[in-house]
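Atoms within a ligand are numbered from 1 in the order they appear, just like the ligands themselves.
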Amino acid sequence: MSFALHGLAVSSGIAIGRAHLVSHATLEVAHYKVRDKEVATEIERFDAAVAAVRAELEALKGEASAPGTPSEMAAFVDIHAMILADPMLAEQPRDLIRERRCNAEWALVQQMEQLAAQFDDFEDAYLRERKHDVVQVVERVLKALMGKARKMTKRGRDEDLIVVAHDLSPADTIQFKNLKIGGFVTDLGGATSHTAIVARSLAIPAVVGLHHARPLVREDDLVIVDGSRGVLIVEPDARVLEEYRLRKSELELERSKLKRLKNARSTTLDGDEVALQANIELPQDIEQVREVGADGIGLFRTEFLFMNRDELPGEDEQYEAYKAVAKAMAGRPVTIRTLDLGADKEARALAGSERQSTNPALGLRAIRYCLAEPQIFLTQLRAILRAAHYGNIRILIPMLAHVAEIEQTLAMVAQAKAQLRATRHKFDENIRIGGMIEIPAAALALGPFIKRLHFLSLGTNDLIQYTLAIDRSDEAVAHLYDPLHPAVLRLIHQTIVAGARAEIPVAVCGEMAGDPAMTRLLIGLGLRQFSMHPSLILEVKQQVVTADAEMLAMRVNRLLRFEEPDRLRELVEKLNA
Ligand code: PEP
Ligand code: MG
């Protein structure tokens with residue numbers, strides 16, 4: 001039966017493919033008796049399912065060892081293979097089937113519960129977490145038992161794999177970077193949740209906040225992800241499928257035409273230069289950055305280097321990662337943001353040591369965490385300072401609100417430099433340090449920031465979250481997330497104006513910068529530095545090269561006087577007409 005679900009469009013384009021369900025299925029399975037003469041067949045059925053999953057894991061392991069795939073992927077597949085080989089899962093269900101004359105699914109889930117209970121008793125948080133892996137392995141075997149195992153090799157050549165999940169953390173999502181996935185949908189998540197941001201950086205169509213996709217979609221269902229309209233269509237009829245195939249090829253054609261803009265200068269019609277820089281999560285993203293000819297890296301979200309691993313990356317490992325990016329950018333600016341962990345971004349290596357907080361987005365996040373953990377912060381600062389010797393690196397500090405935080409940060413940078421001097425390491429003495437303006441308090445009292453820092457970068461994702469008091473990860477309040485709220489526009493405008501007056505650069509690196517519908521508005525607000533996912537740069541450039549900056553400034557100045565949302569929206573639409 002065909003049906004459609006509506007959610008939030010987070011990454012444009014169309015993907016058509018087979019659903020692959022990720023995260024836990026409900027493990028409620030039927031329990032029934034099998035007849036004596038059927039016991040042997042039931043055991044065979046169980047053995048065949050285990051063998052199928054073993055083969056599936058081996059195939060996955062082959063994919064995970066492809067060049068550029070993080071080592072965690074292979075380790076993760078190894079853990080699943082080890083769990084599958086555990087006699088409690090691979091052998092004992094056979095005894096249960098024989099002794100109790102029960103079906104294979106039920107026997108397997110009984111054993112899983114016993115095994116999972118053993119994990120609950122571990123003191124070590126990492127080992128306790130492995131319980132989830134046990135559940136995932138059992139899910140795979142259950143799917144195989146139901147004849148629904150994912151047959152990666154049997155997918156049609158032109159059929160993509162569409163990930164369907166209830167909710168995924170940013171750490172889960174980043175792992176998809178190395179797998180060939182055609183589209184991405186989740187039930188939870190706001191449009192600027194970090195999961196959505198990572199999904200967008202995969203440069204594939206994505207829809208979040210669908211509410212019921214995970215329970216309603218079945219493994220291997222044919223689905224269409226319309227990432228521009230925020231729709232998931234399940235088992236489309238032939239007419240809809242044909243229409244979407246056509247739109248997909250039209251979009252692909254438009255995208256390939258955009259490539260012509262790669263070497264065009266990013267200048268408005270009246271000659272203002274507009275820098276279009278890239279946001280990255282991992283050094284491997286540089287390839288995509290170069291493909292679109294970005295003017296530099298405006299935001300390197302370094303916390304992603306800290307996820308999905310058992311030990312934090314040390315100074316040398318971080319230094320190599322930052323240096324690789326600086327060298328690849330060959331003199332163009334590389335803005336390395338210091339660790340912004342906390343809220344929805346967790347590092348497994350720190351699990352257990354982190355405090356539980358009632359409101360994590362308002363808690364010990366980003367610079368607050370770094371100042372509370374000086375050794376972690378100093379290690380990162382030393383790595384950045386050393387890498388800066390090899391390129392045009394700048395440091396960006398997230399979530400600043402207080403003058404004392406800026407001063408403590410600057411003191412820590414001075415301390416990191418002193419340590420490097422003492423150990424005779426080469427580093428950049430004159431590194432520039434900037435601050436993210438993403439807390440309204442910072443935007444409202446900018447003086448001390450301008451006085452102490454070299455540049456500013458507006459983090460509109462958080463600025464909107466904190467100005468409008470809505471959790472950016474919570475799809476229940478996603479409709480209240482509004483970049484065009486007059487309060488938000490004024491905070492952005494006054495930051496850009498204050499920066500220009502003091503002659504210090506101001507960029508926008510939140511998702512607003514990558515939305516082509518916002519480009520003219522931001523130019524009119526005076527913005528000349530944008531940073532966004534590389535996949536969006538050419539679309540935004542198309543807006544820049546057809547914009548008249550002087551005329552936009554006049555129209556946007558008038559628009560700022562309005563407070564009625566409908567009127568504001570109408571005026572912004574007119575800018576784009
Ligand atoms: C922002 O808040 O706008 C931003 C760029 O940072 P992040 O999305 O990583 O919080
Ligand atoms: Mg932020």
Can you confirm whether the side chains of [X] and [Y] place a donor and an acceptor under 3.5 Å from each other?
{"X": "Gln380", "Y": "Thr302", "result": "yes"}
{"X": "Thr267", "Y": "Glu273", "result": "no"}
{"X": "Glu573", "Y": "Asn576", "result": "no"}
{"X": "Asp187", "Y": "His211", "result": "no"}
{"X": "Arg520", "Y": "Thr546", "result": "yes"}

Is the contact between [X] and ligand 1 made by the side chain, the backbone, both, or neither, using heavy atoms and a 4.0 Å cut-off?
{"X": "Met399", "result": "neither"}
{"X": "Ile197", "result": "side chain"}
{"X": "Met532", "result": "neither"}
{"X": "Leu299", "result": "side chain"}
{"X": "Met436", "result": "side chain"}

With side chains defined as the heavy atoms from C-beta onward, is the minimum distance between Leu527 and Ile496 less than 4.5 Å?
->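 Result yes, sub-4.5 Å side-chain heavy-atom pair found.
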Heavy-atom side-chain proximity of Ser457 to Cys509 below 4.5 angstrom |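 A side-chain contact under 4.5 Å exists here.
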In this structure, atom 6 (O) of ligand 1 is nearest to the protein heavy atom Arg337 NH1, 2.9 Å
Starting from atom 7 (P) of ligand 1, locate the nearest protein heavy atom and write down its residue, its atom name and how far away it is, to 0.1 Å.
-> His194 NE2, 3.2 Å
Can you list the ligand 1 atoms lying under 4.0 Å from a non-hydrogen atom of [X]?
{"X": "Asp462", "result": "1 (C), 2 (O), 3 (O), 10 (O)"}
{"X": "Cys509", "result": "5 (C)"}
{"X": "Arg301", "result": "4 (C), 5 (C), 6 (O), 7 (P), 8 (O), 9 (O)"}

How long is the gap from CD1 on Ile504 to CZ on Arg432, to the nearest 0.5 Å?
->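 The distance works out to 11.5 Å.
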SB check Arg301 Asp340 (cutoff 4.0 Å) =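 No, no charged N to carboxylate O under 4.0 Å.
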Measuring from the Mg ion (ligand 2), count protein N/O/S atoms under 2.8 Å, please.
-> 2
Glu438 N/O to ligand 1 N/O under 3.5 Å = yes
Does ligand 1 have any atom that is closer than 4.0 Å to a heavy atom of Glu281?
->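 The answer is no, since Glu281 has no heavy atom less than 4.0 Å from ligand 1.
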Distance-minimising heavy-atom pair for Thr335 and Gly298 =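 Shortest heavy-atom contact: CB-O, 3.4 Å.
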Is the cationic atom of Arg386 (NZ for Lys, CZ for Arg) positioned less than 6.0 Å from the six-membered ring centroid of Tyr319 and within 45 degrees of its normal?
-> yes
Would you verify whether the NZ or CZ of Arg394 falls within 45 degrees of the ring axis of Phe455 while also being under 6.0 Å from that six-membered ring's centre?
-> yes
